[in-house]
Amino acid sequence: MRMTLQFLGATEEVTGSCHLLSVDHEHLLLDCGLIQGGKADELRNHEPFAFNPESISAVVLSHAHIDHSGRLPLLVKSGFDGPIYTHKATAELCAIMLKDAAMLQTRDTERVNKKRAKHDLDPLDPLFTVEDAEQAIKQFVPLEYGEVTRVIPHVDICLSDAGHILGSALVELWLGEGKSQKKVVFSGDLGRAGMPILRNPTLVDTADLVLMESTYGNRFHRSWTETLAELKGIFAKTVNESQGNILLPAFSVGRAQELLYLFHLYAKEWDLGRWKICLDSPMAIEATRVYVNNYPLMDEDFKRFTRQHPGQHPLLSNIEFIQTTEESMALNDIHKGLIIIAGSGMCNGGRIRSHLEHNLWRPECDVIICGYQAIGTPGRTLVDGAKELTIHGNSITVAAKLHTVGGLSAHADQAELLRWYRHFEGQPPLILVHGEPEAQRGLVEVINQDPNTKPQATAIATHGDKLDLTALPKLVWKPA
């Protein structure tokens with residue numbers, strides 16, 4: 001039986017997750033995500049797929065974040081008509097996120113076409129439309145954690161909680177039959193133990209091959225205790241020393257809900273009663289409702305708090321939801337006393353751009369970066385120390401105080417990645433995906449020096465490379 005795995009996205013970079021699994025004449029995709037970053041990176045989304053979309057029998061989606069799910073409407077538009085298997089909460093979130101992504105594609109294309117028209121250039125089509133997104137959503141097949149499902153002939157899968165965002169899953173795949181069967185485990189995006197709201201990432205015992213993310217492969221996050229103290233210090237200093245606003249660029253799914261929970265738990269300790277706290281993101285508001293409706297998936301601390309405080313839902317209690325564009329624009333007339341949580345998390349779209357335009361140049365304001373910033377994004381530009389940022393065609397001086405709070409990350413750091421991997425019996429071959437080269441090299445170096453971590457083989461996936469799974473545990477590569 002012929003079994004191969006080809007790496008077609010999130011190879012030596014963090015976005016665009018996509019891996020092609022072939023068993024005999026059947027083809028299965030693990031994720032189908034958008035490439036995010038600068039304009040040059042995003043243009044790569046318009047390139048043809050490296051495979052015939054009509055030949056794909058099914059997709060297994062690890063979670064809802066756009067860098068894992070965002071090209072599904074394009075896949076459908078290009079001829080894929082098979083099932084998309086994922087956790088039921090991910091299906092609910094994607095019903096929101098994929099339509100939002102389509103509307104952004106349409107809006108951005110309209111803006112570009114106005115400029116092209118001035119130069120007598122032909123108009124461009126959006127990458128995909130709302131109709132494409134709606135068709136993709138119809139093809140979702142919701143699953144529960146722990147449910148073994150046959151997705152194509154000779155391939156069974158089981159999803160387990162990855163602890164990254166609501167519905168996030170690591171995927172166990174059994175390929176083939178009998179003695180020749182191979183087991184591959186795909187981590188998706190791994191979360192962190194002890195974080196609020198979500199349960200800890202599931203530990204898996206056995207595999208013939210582990211495909212693991214490596215976003216923070218060379219870094220360590222601050223402890224949760226230190227992170228809470230850091231946030232408390234930021235708010236206390238801002239209250240006492242300045243008369244400005246606080247901006248938090250946040251991913252609409254995951255980070256926004258985590259912040260809402262923290263602002264509820266520590267409202268008194270952080271003296272947040274002095275502030276007007278706004279969630280300025282229609283998509284984050286819809287996603288929050290999905291979180292509220294999926295109460296059984298939360299960790300025990302969240303459930304216990306909710307039981308002990310009836311009528312005070314920790315995601316809904318002290319936040320003002322900003323729905324309309326007019327309501328959002330009105331916030332720009334308020335010059336102090338605002339905490340604004342708004343998308344996008346990397347500052348490359350959404351309402352946070354407008355709030356940065358009105359506050360970034362003011363030294364009395366603060367910006368808290370609390371998530372991963374891909375290379376080429378405005379958020380990464382800020383973190384790297386830029387003195388100016390171009391927003392809506394205007395050059396804005398960076399005078400606000402910038403805080404990078406890495407301890408809020410929803411990705412496992414180096415120690416947490418190694419701890420998760422070491423749980424596998426016999427430490428099977430390990431392939432790193434979803435990480436920048438520096439992070440991946442740092443993780444490999446630690447693996448090679450650590451006496452407690454001795455994989456049978458270790459490799460960093462390169463775009464287009466193909467792996468012969470029948471040869472496992474030996475890694476046999478075919479260069480792109």
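Both backbone and side-chain heavy atoms feed into the values below; hydrogens, waters and symmetry mates do not. Position 1 is the first residue of the sequence; numbering continues from there.
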Run the side chain to side chain contact (heavy atoms under 4.5 Å, CB included) test on L21 and V60 for me, step by step, so that the C-alpha distance in whole Å, both residues' side-chain angles and the decisive distance to 0.1 Å come before the verdict.
CA-CA 10 Å; L21 177 65; V60 176; over 6 Å; no

Would L279 and E320 satisfy side chain to side chain contact (heavy atoms under 4.5 Å, CB included), going step by step from the backbone distance to the final call?
CA-CA 6 Å; L279 179 61; E320 183 173 337; over 6 Å; no

Measure the spacing between [atom1] of [X] and [atom2] of [Y] and express it to the nearest 0.5 Å.
X	Y	atom1	atom2	result
F251	I165	CZ	CD1	10.5 Å
M1	L469	CE	CG	12.0 Å
L297	N293	CG	CG	11.0 Å
T404	I369	OG1	CD1	6.5 Å
T86	L143	OG1	CG	7.5 Å
E54	D81	CD	CG	8.0 Å

Do other residues, nucleotides or ligands put more than 12 heavy atoms under 6.0 Å from the CG atom of D24?
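Yes, the 6.0 Å shell around CG holds more than 12 heavy atoms from other groups.
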
Any chance CD of E438 has more than 12 other-residue heavy atoms, nucleotides or ligands included, within less than 6.0 Å?
no

Side chain proximity check, [X] to [Y], heavy atoms < 4.5 angstrom:
X	Y	value
M97	S252	no
V185	F424	yes
L175	Q181	no
L231	L408	yes
S168	H65	no
I137	K99	yes
Q139	V76	yes
I447	L443	yes

Begin with the C-alpha distance, continue with both residues' side-chain angles, and end with the deciding distance and a verdict on side chain to side chain contact (heavy atoms under 4.5 Å, CB included) for L475 and L467.
CA-CA 7 Å; L475 292 182; L467 176 66; 3.9 Å; yes

Closer than 4.0 angstrom, basic N to acidic O: yes or no for [X] and [Y]?
X	Y	value
E13	R44	yes
E436	R219	no
E300	K303	yes
E177	R150	yes

Aromatic ring pairing Y261/F302, orientation class (parallel under 30°, perpendicular over 60°, tilted between)
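Because their plane-to-plane angle lies in the 30° to 60° range, the rings of Y261 and F302 count as tilted.
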
Can you confirm whether the side chains of [X] and [Y] place a donor and an acceptor under 3.5 Å from each other?
X	Y	value
H87	D161	no
T453	R422	yes
S62	D31	yes
H154	E26	no
S22	H27	yes
E213	S187	no
T470	K182	no
H68	H434	yes
D280	S328	yes
Q323	E327	no

Side chain of [X], backbone of [Y]: donor and acceptor closer than 3.5 Å?
X	Y	result
H164	A410	yes
N294	V290	yes
T129	D132	yes
T149	V151	no
T377	R380	yes
T106	A102	yes
R116	D122	yes
E147	E144	yes
N200	G163	no

side-chain hydrogen bond (donor to acceptor under 3.5 Å, both in side chains) between T206 and E425, worked out
CA-CA 6 Å; T206 62; E425 298 172 3; 6.0 Å; no

Contacts of T11 that satisfy side-chain contact (heavy atoms from CB on, under 4.5 Å) - sequence neighbours left out:
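If we apply the side-chain contact (heavy atoms from CB on, under 4.5 Å) test to T11, skipping adjacent residues, the hits are F7, A461, H463.
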
Atom of A58, atom of Y85 and distance for their closest heavy-atom approach:
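Smallest heavy-atom distance, with atoms named: CB-CE1, 3.9 Å.
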
Pair T227-V405, side chain to side chain contact (heavy atoms under 4.5 Å, CB included): steps then yes or no
CA-CA 7 Å; T227 298; V405 184; 3.8 Å; yes

